[in-house]
Amino acid sequence: MITISRLYYTQPLLRELHTDIVAQRQEGDKSIVVLAETIFYPTGGGQPHDLGTINGIPLLDVYEAEGTIYHVLPEPVVGPRVTAVLDWERRLDHMQQHSGQHLLSAIFQDEFAYTTESFHLGADYCSIDITAPFLSREEERQVEQRANELILQDLPVLTYTLYPEEFKDVPLRKIPDREGPLRIVEIHGFDYSPCSGTHVQKTGQIGLVKILKSEKYKGMTRVYFLCGARALADYRHKHGLCTNLVSLLSVPEGELEARVQSELERRRELEKQLEELQGEMIRFRAAEIVRAGEGPYYLELPAADIQQAQQLARAILNLTQTAVVITLGGRVVLAHNLPQGPALGQLVKEQAQPLGGRGGGSATAAQVFFSDPANLQRFLELLRREIWVKAEDK
Ligand SMILES: [Zn+2]
């Protein structure tokens with residue numbers, strides 16, 4: 001183990017560092033570097049690692065193992081003296097999300113006695129899982145309001161080490177199982193949490209906390225939130241959406257929701273009308289088919305869907321006692337209302353399935369699909385020659 005100083009704790013605002021390489025080794029195509037001191041936070045405590053460069057070479061990963069911090073690079077670094085530069089935007093983002101999480105967890109515990117069981121900080125989203133069976137919109141709003149009040153108060157965020165004999169003197173949020181001293185992050189006078197992550201120095205630097213939604217998760221409630229620059233980016237995005245909708249629908253923002261609702265209602269009405277018209281058209285077509293000649297009717301409707309074919313078959317059977325066979329692509333729809341007609345479901349099973357047809361149905365309506373057009377033709381011939389003729393003879 002090589003003990004190195006963690007400047008991300010002692011000087012969290014330090015973005016550039018001149019230091020020495022104390023060890024370097026090759027692992028596959030990666031170079032693993034240990035520095036005498038570092039500004040790069042390694043993955044841990046729910047917080048992702050920092051990024052940046054060492055001598056201009058971009059960091060791929062930073063991790064800690066047995067007290068040593070390892071910097072992973074795509075190529076070896078020429079040392080021993082190096083310049084490390086921190087990706088400050090990423091660090092600040094992590095500090096804002098992580099500090100905002102402390103605020104939310106503390107408020108949920110203080111106001112509702114819900115404890116935080118886990119925390120996710122990713123590029124995709126931030127969330128905490130709290131021991132709540134359910135969270136109402138009003139509770140979300142209340143917690144969000146309180147968090148933003150604490151941001152406005154610009155409370156100092158302090159970090160210090162606490163030894164076991166001192167634990168009783170501080171209202172700790174929770175005491176971890178592991179032994180020894182704890183690193184405490186205190187939101188001045190309000191929250192005392194053991195934590196190894198990086199945080200802002202005053203709550204004002206969190207900027208803004210926005211709770212996005214909550215959902216049930218493994219008997220708990222998962223609360224999704226955004227802080228700082230992420231919340232601003234989200235506001236920009238949503239304001240952009242809103243502005244575009246206002247322009248698309250030509251209504252003031254205040255009337256947007258009502259307009260969308262009325263448009264949806266109008267669409268439902270139009271769909272209903274269309275359905276009625278289609279039904280009428282099918283009945284009209286059925287009447288024409290029946291007028292044009294006697295059944296059984298063999299129809300080809302390559303452009304129709306199954307539902308339309310079934311509707312047409314029913315419409316024809318409503319007009320006369322007959323049988324209908326409609327082919328659409330590889331699919332065949334069968335129906336009849338003949339008192340002595342064949343049981344169609346059984347017919348499909350016995351005659352179509354041996355030809356590779358897949359389907360089934362009731363005694364008077366069935367459908368079957370053939371992937372091989374030749375087999376479909378064989379099945380149709382079979383229907384014409386034997387089965388349907390027999391049915392008519394009866
Ligand atoms: Zn923390």
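Source: prediction; values computed, not measured. Order of appearance sets the numbers: ligands from 1, and atoms from 1 within every ligand. For this chain, numbers begin at 1 and follow the sequence in order.
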Ignoring water, what protein N, O or S atoms are under 2.8 Å from the Zn ion (ligand 1)?
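Hits for the Zn ion (ligand 1) below 2.8 Å: H98 NE2, H102 NE2, C195 SG, H199 NE2.
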State yes or no: do L121 and I187 share one hydrophobic cluster built from I, L, V, M, F, W and Y residues joined by side-chain heavy-atom distances below 4.5 Å, directly or via other members?
yes
R183 charged N/C atom sitting above Y9 aromatic ring, 6.0 Å / 45°:
yes
A cation-pi test, strictly: NZ or CZ of R90 under 6.0 Å from the centre of the six-membered ring of Y41 and no more than 45 degrees from its axis. Yes or no?
no
Salt bridge check: are R141 and E138 linked by an N-O gap of less than 4.0 Å?
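Yes, this pair counts.
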Hey, is E64 close enough to R6 for a salt bridge, meaning N to O under 4.0 Å?
yes
F40: partners by ring-ring contact (aromatic ring centres under 6.0 Å, His included), with sequence neighbours left out:
H71
